[in-house]
Amino acid sequence: MNPRVLITAEDIDAKLAEMGKAITADYDGKNLLLVGILKGAFIVMADLARHIHTSVEFDFMAVSSYGGTTKTSGVVRILKDLDTQIEDRHVLIVEDIIDSGLTLHYLMKNLRVRNPASLSLAALLVKTGVERPPMEIKYTGFNIDPEFVIGFGLDYRELYRNLPFVGVVDEADLQP
Ligand code: IMP
Ligand code: MG
């Protein structure tokens with residue numbers, strides 16, 4: 001399976017630098033809590049955070065929504081909750097990709113009732129032309145066509161997360 005490069009490592013880093021700059025300006029002096037959604041967001045989180053130049057804490061949540069296939073099930077299970085109390089905290093969720101948005105929609109609802117001072121969303125990739133529940137994505141890296149992508153934290157059956165670029169694989173190579 002030979003992935004075609006969709007977004008190069010250089011372009012990703014330049015974009016994360018831009019996003020980091022905006023986040024630094026918006027959250028300066030607010031003691032930001034970054035919440036990464038495992039597993040996919042771990043690489044975006046690590047690289048984005050190093051472009052943020054104000055005080056930042058980290059926490060992670062793990063959810064499952066996909067099982068082993070390439071279509072979202074709509075069923076979200078929290079496998080690991082936050083370690084941190086988020087009441088009165090400024091929270092920024094970091095995601096690798098927003099597809100159907102079902103995962104995020106559920107998570108935002110779940111976190112909002114914990115009364116954070118603010119709750120916003122940053123995503124490296126957003127698929128275009130996909131119908132999803134209304135949600136404001138405060139920081140978007142790239143809008144991409146709704147095809148299945150891998151790399152930079154994104155997997156197909158737990159593989160390819162380590163690719164330093166975002167790539168596309170042939171539909172024919174993806175077994176359901
Ligand atoms: P959503 O709930 O459909 O927005 O997507 C939830 C999760 O599915 C994302 O956080 C990713 O982990 C995964 N996902 C969605 N699209 C892709 C893709 O194109 N490649 C790999 N994983 C994806
Ligand atoms: Mg994910």
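Remember, it's 1-based here, ligands and their atoms both numbered in the order they're listed. In this text the structure is predicted, and so the values were computed from the model without any measurement. Computed from heavy atoms alone, side chains included, the values below leave out hydrogens, waters and symmetry copies.
Although no hydrogens or angles enter the test, the distance criterion places no donor-acceptor pair under 3.5 Å between the side chain of Ser120 and the main chain of Lys138. Between the side chain of Thr24 and the main chain of Thr54, no donor-acceptor pair closer than 3.5 Å is present. Judged by distance alone, with hydrogens and angles left aside, the side-chain atoms of Arg4 form no donor-acceptor pair with the main-chain N or O of Gly167 at under 3.5 Å. A donor-acceptor contact shorter than 3.5 Å links the side chain of Asp59 to the backbone of Thr84. In this structure a side-chain-to-backbone donor-acceptor pair under 3.5 Å is missing from Asn143 to Thr128.
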message: Between Glu18 and Lys21, is the salt bridge (Lys or Arg N to Asp or Glu O under 4.0 Å) condition met? List the steps.
response: CA-CA 5 Å; Glu18 236 175 70; Lys21 197 172 170 192; over 6 Å; no
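Residue Phe148 has no N or O atom closer than 3.5 Å to an N or O atom of ligand 1.
Contacts between Asp99 and ligand 1 below 4.0 angstrom, taking non-hydrogen atoms only, involve backbone and side chain alike.
Counting atoms of ligand 1 from 1 in the listed order, those under 4.0 Å from a heavy atom of Lys127 are 16 (N), 17 (C), 18 (C), 19 (O). Which parts of ligand 1 touch Glu147 is read off a 4.0 Å heavy-atom cut-off, strictly below it: atoms 19 (O). Distances below 4.0 Å separate heavy atoms of Glu95 from the following atoms of ligand 1: 10 (O). Set against the non-hydrogen atoms of Gly101, the atoms of ligand 1 under 4.0 Å away are 1 (P), 2 (O), 3 (O), 4 (O).
Under the side-chain contact (heavy atoms from CB on, under 4.5 Å) test applied with Val63, the options Leu38, Asp81, Leu79, Leu107 reduce to a single match, Leu107.
Distances from ligand 1 to the non-hydrogen atoms of Ser100 include at least one value under 4.0 Å. Heavy atoms of Asp155 come nearer than 4.0 angstrom to ligand 1 in at least one pair. Between Ile150 and ligand 1 there is no heavy-atom distance shorter than 4.0 Å. Between Arg132 and ligand 1 there is no heavy-atom distance shorter than 4.0 Å.
Of the candidates Leu102, Thr103, Asp96, Val76, Asp96 brings a heavy atom nearest to atom 12 (O) of ligand 1.
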